[in-house]
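Start at 1 with the first residue, then count along the sequence.
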Amino acid sequence: MMTQRKSIHGEWSSHIAFILAAAGSAIGLGNIWKFSYMTGMNGGGAFVLVYLLCVVVIGMPVMMAEVMLGRRGRQNPINTMRTLAEDEGRGRHWQLVGWMGVVAGFLILSYYSVIAGWTMAYAVRSATGVFSGMDKEAVSAVFGSFVGNAEQTLIWHTIFMVMTGMVVSRGVRSGLEQAVRFMMPTLFLMLLMLVGYAMSTGHFAEGLQFLFRPDFEELSAEGVLMAMGQAFFSLSLGMGAIMIYGSYLSHTASIPRTVTSIAFFDTTVAILAGLAIFPIVFANGLEPAAGPGLVFETLPIAFGQMPGGAFFGTLFFVLLVFAAWTSSISLMEPAVAWLMENHGLSRVKAAVWVGIVIWIIGIGTVLSFSAWSGKTLFGKTFFDLVDFLTSNIMLPLGGFLMVVFAAWFMSEKACREELALSNGFAYRAWRLLTRYVAPVAVMLVFLNAVGVL
Ligand code: PHE
């Protein structure tokens, strides 16, 4: 019997702590910054619809598989995959899934930290009243000159990496749990307030249409791939973050229920962000396809015009920094746990080393918006390439392999024990989703993107 393998790196104090931490990982820049600019670049409604489908049909089954593997393996993703494969009499090469996840975490955090740095700078700018009364030209000019200044963005990137390293080096209980407790609900309220503002712009209906009226002419095969990639990215799937958080989860928590609530919160936040941002885009005649600057070129206009905007703007960007912080912690944790568990490094040392390497890679993204903005490969900057490779390839591939492992290579007994789905129907539904629906859907999107379908 191996059901009760104990985590060698601590456990959450309660289920709620796990839900908060997993939601903290899932909800971040992906929901607000990335979801909105991706939706804008891919024409709106059709992208959103495919995204939502991917969350339900692929994301939720993969998340259940990932939490389940983590809780059963109880170690960092590399060791977890290796041990579980050994338990089931399979080859050690399954640990490559864990490796790919660690690498994806490095790459994602390298640019994530740069964008989180932008967010911090925007919090400061709001606090000093920079945006008050500004129109769209002025706000765009502020953004352009800010990101074009590599020195400034590098400093913010550095500060954010230090912040992330600090929390990670304090460990599961003291570090991760505390960071999430009160910020998520406040961020939620702020978003509701922004949606309220968006309603007052007179362009809310246009925003609604853009988000919810699908026009499939607008969505390319690459757009479909991006929608799937965004579902993985937003739910933190496919790289071991959710697996390692699952490894700290106690045996009594219900995985299906927890996963449903995390996916629900995550999606709600993304949709609210879209409802807040697009009416502002249309009210000001901005371009929905503006790219990664979209949030930074729209919301300051709103804050510049609403009463108390300097206060609310600061609060919003500060909360977004916190949301990014709790996500970045989970991006770093798999590598840190691996260094501790396999190489005997102390948590602090591991966090420092991982942080330094990621910081260096991040310089590429800093430069993508300044000195290297003209340097492209396949029409993509360094930032675009790293983002494409991780969100659209590594995460879906990692998630695919995890769900395939859980559904096809783990014994039925193990799955039943972990999921505790006593109800036969629920179990069969899970089986169908993880064995066939989710893996086939990922394959179809991949094949479609390379033009085979
Ligand atoms: N889900 C996070 C967000 O939406 C980003 C993330 C991706 C975190 C992958 C962990 C793993 O911002």
Asks: Of the non-hydrogen atoms in Met239 and Pro334, which two are nearest, and what is the gap between them?
Replies: CE-CG, 4.3 Å
Asks: Would Ile255 and Trp430 satisfy side-chain contact (heavy atoms from CB on, under 4.5 Å), going step by step from the backbone distance to the final call?
Replies: CA-CA 12 Å; Ile255 293 179; Trp430 183 80; over 6 Å; no
Asks: Return the CG to CG distance between Leu315 and Leu187, rounded to the nearest 0.5 Å.
Replies: 9.0 Å
Asks: Between the side chain of Ser110 and the main-chain N/O of Ile358, is any donor-acceptor distance below 3.5 Å?
Replies: no
Asks: Do you know the tightest heavy-atom contact between Met68 and Ala406?
Replies: CE-CB, 4.0 Å
Asks: Under the side-chain contact (heavy atoms from CB on, under 4.5 Å) test against Ile27, which residue among Thr267, Ile262, Val269 passes?
Replies: Val269
Asks: Establish, yes or no, whether a centroid distance under 6.0 Å links the rings of Phe400 and Phe446.
Replies: no
Asks: With rounding to the nearest 0.5 angstrom, report the OG1 to CG distance, Thr164 to Leu331.
Replies: 9.0 Å
Asks: Go through the steps for Arg71 and Phe18 under the test side-chain contact (heavy atoms from CB on, under 4.5 Å), then give the verdict.
Replies: CA-CA 12 Å; Arg71 186 164 73 177; Phe18 169 77; over 6 Å; no
Asks: Quiz question: by atom type and distance under 3.5 Å, do the side chains of Trp118 and Thr153 form a donor-acceptor pair?
Replies: no
Asks: I'd like to know whether Thr381 forms a side chain to side chain donor-acceptor pair (under 3.5 Å) with Trp372, so could you lay out the CA-CA distance, the side-chain angles of the two residues, the decisive distance to 0.1 Å, and finally the verdict.
Replies: CA-CA 8 Å; Thr381 61; Trp372 294 355; over 6 Å; no
Asks: Would you say Glu217 has more than 12 foreign heavy atoms packed within less than 6.0 Å of its CD?
Replies: no
Asks: Would you call Val67 and Thr258 a side-chain contact if the rule is heavy atoms closer than 4.5 Å?
Replies: no
Asks: Determine yes or no for a side-chain-to-main-chain donor-acceptor pair under 3.5 angstrom, with Ser113 supplying the side chain and Leu109 the backbone.
Replies: no
Asks: Taking atom CZ of Phe264 as the centre, report whether more than 12 heavy atoms of other residues, nucleotides or ligands fall under 6.0 Å from it.
Replies: no
Asks: Taking Asn149's backbone N and O only, do any of them form a donor-acceptor pair with Glu151's side chain (distance below 3.5 Å, no angle check)?
Replies: no
Asks: Quick one: does any side-chain atom of Ser234 pair with a main-chain N or O of Ala231 as donor and acceptor, under 3.5 Å?
Replies: no
Asks: In terms of relative ring orientation, are Trp338 and Trp99 parallel, tilted or perpendicular, with 30° and 60° separating the classes?
Replies: perpendicular
Asks: First locate atom CZ of Arg72, then atom CZ of Arg74, and finally report the distance between them rounded to the nearest 0.5 Å.
Replies: 10.5 Å
Asks: Please state whether the rings of Tyr51 and Phe47 are parallel, tilted or perpendicular, taking 30° and 60° as the class boundaries.
Replies: parallel
Asks: Does Lys380 come within less than 4.0 Å of Glu222, counting only side-chain N to carboxylate O?
Replies: yes
Asks: Would you call Leu225 and Asn448 a side-chain contact if the rule is heavy atoms closer than 4.5 Å?
Replies: no
Asks: Can you confirm whether Ile277 sits close enough to Phe35 that some side-chain heavy atom of one is under 4.5 Å from a side-chain heavy atom of the other?
Replies: no
Asks: Should Val357 and Trp353 be marked as a side-chain contact (heavy atoms from CB on, under 4.5 Å) after you check the CA-CA gap, both sets of side-chain angles, and the distance that decides it?
Replies: CA-CA 6 Å; Val357 175; Trp353 281 114; 5.5 Å; no
Asks: Hey, what do you get for NE2 (His157) to OH (Tyr112), rounding to the nearest 0.5 Å?
Replies: 14.5 Å
Asks: How many angstroms lie between OH in Tyr122 and CZ in Phe317, if you round to the nearest 0.5 Å?
Replies: 7.0 Å
Asks: Counting only N and O atoms by type, is there a donor-acceptor contact under 3.5 Å from the side chain of Arg213 to the main-chain atoms of Gly45?
Replies: no
Asks: Is the closest side-chain heavy-atom distance between Leu294 and Glu287 below 4.5 Å?
Replies: no
Asks: Dump the intermediate steps for side-chain contact (heavy atoms from CB on, under 4.5 Å) on Val48 and Ile271, then the final yes or no.
Replies: CA-CA 9 Å; Val48 174; Ile271 297 292; 4.2 Å; yes
Asks: Checking the side chain of Glu88 only, and the main-chain atoms of Ser411 only, is there a donor and an acceptor separated by less than 3.5 Å?
Replies: yes
Asks: Would the distance check show the side chain of Asn31 and the main-chain N or O of Gly28 forming a donor-acceptor pair, the cut-off being under 3.5 Å?
Replies: yes
Asks: Taking all non-hydrogen atoms of both residues into account, name the closest pair between Gly398 and Val97 and its distance.
Replies: O-CG1, 4.1 Å
Asks: Does the Trp156 side chain pair with the main chain of Val114, one donor and one acceptor, at a distance under 3.5 Å?
Replies: no
Asks: Find out whether Val50 and Val445 are in side-chain contact, i.e. whether some heavy atom of one side chain is under 4.5 Å from a heavy atom of the other.
Replies: no
Asks: Which one of Leu389, Leu237, Leu235, Ile108 satisfies the side-chain contact (heavy atoms from CB on, under 4.5 Å) criterion with Leu395?
Replies: Ile108
Asks: Please check this pair: side chain of Glu333 against backbone of Gly240, looking for a donor-acceptor N/O pair closer than 3.5 Å.
Replies: no
Asks: Can you tell me how far CZ of Arg90 sits from CE of Met81, rounded to the nearest 0.5 angstrom?
Replies: 12.0 Å
Asks: I'd like to know whether the aromatic ring centres of Phe160 and Trp359 sit less than 6.0 Å apart in this structure.
Replies: no
Asks: Would you confirm whether Arg92, through its side chain, and Glu86, through its main-chain N or O, come within 3.5 Å as a donor-acceptor pair?
Replies: no
Asks: Do Phe278 and Thr39 have side chains that get closer than 4.5 Å, going by heavy atoms?
Replies: yes
Asks: For Pro439 and Leu433, work out which heavy atoms get closest and say how close.
Replies: CD-O, 3.9 Å
Asks: Can you tell which of Ser236, Ser328, Ser327 makes a side chain to side chain donor-acceptor pair (under 3.5 Å) with Ser25?
Replies: Ser236
Asks: In terms of ring plane angle, is the pair Phe409 and Phe405 parallel, tilted or perpendicular, where the classes change at 30° and 60°?
Replies: parallel
Asks: Are Gln95 and Asn79 packed together at the side-chain level, in the sense that at least one heavy-atom pair is separated by less than 4.5 angstrom?
Replies: no
Asks: Taking all heavy atoms of Cys415 and all of Tyr427, pick out the closest pair and write down the distance.
Replies: CB-OH, 3.6 Å
Asks: How would you list, by chain and number, every residue that makes a side-chain hydrogen bond (donor to acceptor under 3.5 Å, both in side chains) with Tyr111, sequence neighbours excluded?
Replies: Asp387
Asks: Heavy atoms only: give me the nearest Ala22-Ile242 pair and the separation to one decimal.
Replies: CB-CD1, 4.1 Å
Asks: Would you indicate whether the side-chain heavy atoms of Met228 and Val224 approach each other to under 4.5 Å?
Replies: no
